[in-house]
Amino acid sequence: MTRISPETPAGAATAASAPWSIRLRDAVVRYPNGVVGLKKISLDIEAGEMVSIVGLSGSGKSSLIRTINGLVPLSSGTLEVGGHRMDLARGRELRRLRGQIGMIFQGFNLAGRTTVLNNVLVGRLAHTSVPRTLVGAYRQRDRQLAFEALDRVGMLERVYHRAAHLSGGQQQRVAIARALAQEPGIVLADEPVASLDPPTAHAVMGDLRRINRELGITVLVNLHLLDLARGYGTRLIGLRAGEIVYDGPAATATDADFERIYGRPIGDQDLLGGQSAAPTGTPA
Amino acid sequence: MSAAEYPGLPAKPGGRWKIWLAIAIIAAITAVTLAPGIGVDFSLDAIVRNWRNGAEKIGQLLVPDWSFFPRTIEPLIETLQMAVIASVIGAIVSVPLSMWAARLTNPNRITRGLVRTILNIVRAVPDLLYAAVLVAMVGVGALPGIIALVLFNVGIVVKLVSEAIESGDPGPGEAARAAGGTQTQINRAALLPDIWPPFINQALYAFELNVRASTVLGLVGAGGLGLLIDAVRTFYRYDQLALIILEILVVVVLIDWASAAMRKRLK
Ligand SMILES: Nc1ncnc2c1ncn2[C@@H]1O[C@H](COP(=O)(O)OP(=O)(O)OP(=O)(O)O)[C@@H](O)[C@H]1O
Ligand SMILES: [Mg+2]
């Protein structure tokens, strides 16, 4: 299904930039309405890690992910991505840093009425001038990167299709291609499979894992299903009420650990089921 | 009563007095405006008195002067030209203005508020008044008519399109922001594609209104059929007026039909 060959050495093909690390120190996120999203979080994520973030609804998963690319500003504390002070960046510098961080959303966030190609080219905005964007004259190299990214997720033949005409799983693949076209050092995914059926969810998670393994990109994924979190992440972070309550290897996290993160017994609703996702398995 | 109508039917909700209150208020306002001395000077009396006179005019209106047709062609074409030119210019100007006026495409509260306020003022002035003032400024002809129509167009298109933008999906824009785009890039690359349909829709609707409006702008000297209407009316040529009204009717119906067909295809 995907065109990523297992032989591709990490960081070869598209990843021009090296993977990035993330460093949060005493990070507090307080929303304008007074709700505290993150309470003094300190966290180190090394370049090239694949991290699953779990927690109940409202525990701060989205807040954490969106803080890392500056969509949500820090109220206090510091944030470094790839050695750059993200929390101090403004304007052009902030956009340049965001250009190095790909983001994948639960709702895909594609412009439905335009082509798959135009959607993937959105990933090149940080490297494209405003006049070029206005007339839609992307550089040849940017188009090349878009084609390459689509090829990686097996969506190249849909390049001129309207985004809205694709299935949910296909749309999420295009969204992954949009992130890959950025040649990112980090990919953030906020519940990327929450609106997909189980087989498609596994396929999309498989794509994210390959991005991490073959391109070496640091990947952070918010999930609310613990078998996906355990199966696809190498490291697991558990959040509760805006605080980190678990941080350790994903594969060995026990059901008891999850019960502590969730603060309740776990049940079937916390599992996706379907194709088992062995951490070392190589899906077809 | 309700039990007889259907077993188990719940009691009718109250609150119908509100409707009666509304009717009473409207009736009161009507009575006041018609009251002698303070109200509008209006009486059925006048209609009855002028009835003979009116009947004669209507008789003339029913028999259009077909021989007048050649002289109406040029003003008719001028009217259509005014409508087309004004619609195109208005539409082009409306794209950036709509984006400045909508929160999704312009998060800056100050510039957004400024654009909205100016447009509210533009919209508050009737097109005929624009035309009258512009005729005084740039002289009689099609130009003041076109400018008046452009202002009229921008007023409505920007309002309707910016509302369509507000109710649109913020997702694609968020993705473009996360990828490091400027607001202009976000608007163009991620939001504009989904704004096109409502935009074309409203621009076509404005064009329909323009055809209608452009026929009367000439009454104040702003070119097109209106000038001719004014002329034949002065000479009490109701048979010629009838022909012009017939032509406007045909053109408006044809354009409404074509525009509706185009808008349907957009869906
Ligand atoms: N834009 C916002 N304004 C105000 N409060 C917010 C905002 N976004 C999130 N919150 C609040 O911050 C807290 C953490 O929310 P967050 O979205 O990070 O949780 P989450 O773990 O992603 O939840 P879910 O699983 O439902 O997506 C919640 O109490 C939420 O109501
Ligand atoms: Mg969330």
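Naming: A, B, ... by sequence-line order, numbering from 1 per chain.
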*Which bit of A/Leu134 comes within less than 4.5 Å of chain B, counting heavy atoms only: side chain, backbone, both or neither?*
both
*asked:* So B/Arg177 and A/Arg95, do their side chains get closer than 4.5 Å, heavy atoms only?
replied: no
*asked:* Within a 6.0 Å radius of atom CZ on A/Arg85, are there more than 12 heavy atoms belonging to other residues, nucleotides or ligands?
replied: yes
*asked:* If you define the side chain from C-beta out and look only at heavy atoms, does anything of A/Arg66 sit under 4.5 Å from B/Glu174?
replied: yes
_Crowding at CD, B/Glu74 (>12 non-hydrogen neighbours, <6.0 Å)_ = no
_Taking OH in B/Tyr205 as the centre, count heavy atoms belonging to other residues, nucleotides or ligands within less than 6.0 Å. Is the count above 12?_
no
*About how many Å separate CZ of A/Arg113 and CD1 of B/Ile195, when rounded to the nearest 0.5 Å?*
12.0 Å
_Please determine whether the number of non-hydrogen atoms from other residues, nucleotides or ligands lying under 6.0 Å from atom CZ of A/Arg132 exceeds 12._
yes
*asked:* Tell me which of these, B/Gly181, B/Gly173, B/Gly180, B/Ala175, has more heavy-atom pairs under 4.5 Å with chain A than the rest.
replied: B/Gly180
*Can you measure from CG (B/Asp194) to OG1 (A/Thr114) and round to the nearest 0.5 angstrom?*
8.5 Å
*Within the distance-only criterion (no hydrogens, no angle test), does the side chain of B/Gln185 pair as donor or acceptor with the backbone N or O of A/Thr128 below 3.5 angstrom?*
yes
*Is the side chain of A/Asn109 donor-acceptor paired with the backbone N or O of B/Pro172 at a distance under 3.5 Å, no angle test?*
no
*Kindly indicate whether the side chain of B/Thr184, heavy atoms from C-beta on, has any atom under 4.5 Å from the side chain of A/Thr133.*
no
*Contacting moiety of A/Asn69, where chain B heavy atoms sit under 4.5 Å*: side chain
*Check whether B/Pro197 gets within reach of chain A through its side chain, its backbone, both or neither, counting any heavy atom under 4.5 Å.*
side chain
_Closest contact, heavy atoms only, B/Ala179 versus A/Ala126_ = O-CB, 3.6 Å
*So what's closer than 4.5 Å to chain B heavy atoms on A/Arg178: side chain, backbone, both or neither?*
side chain
_Take a 6.0 Å sphere around CD1 of B/Ile110 and say whether it holds more than 12 heavy atoms from other residues, nucleotides or ligands._
no
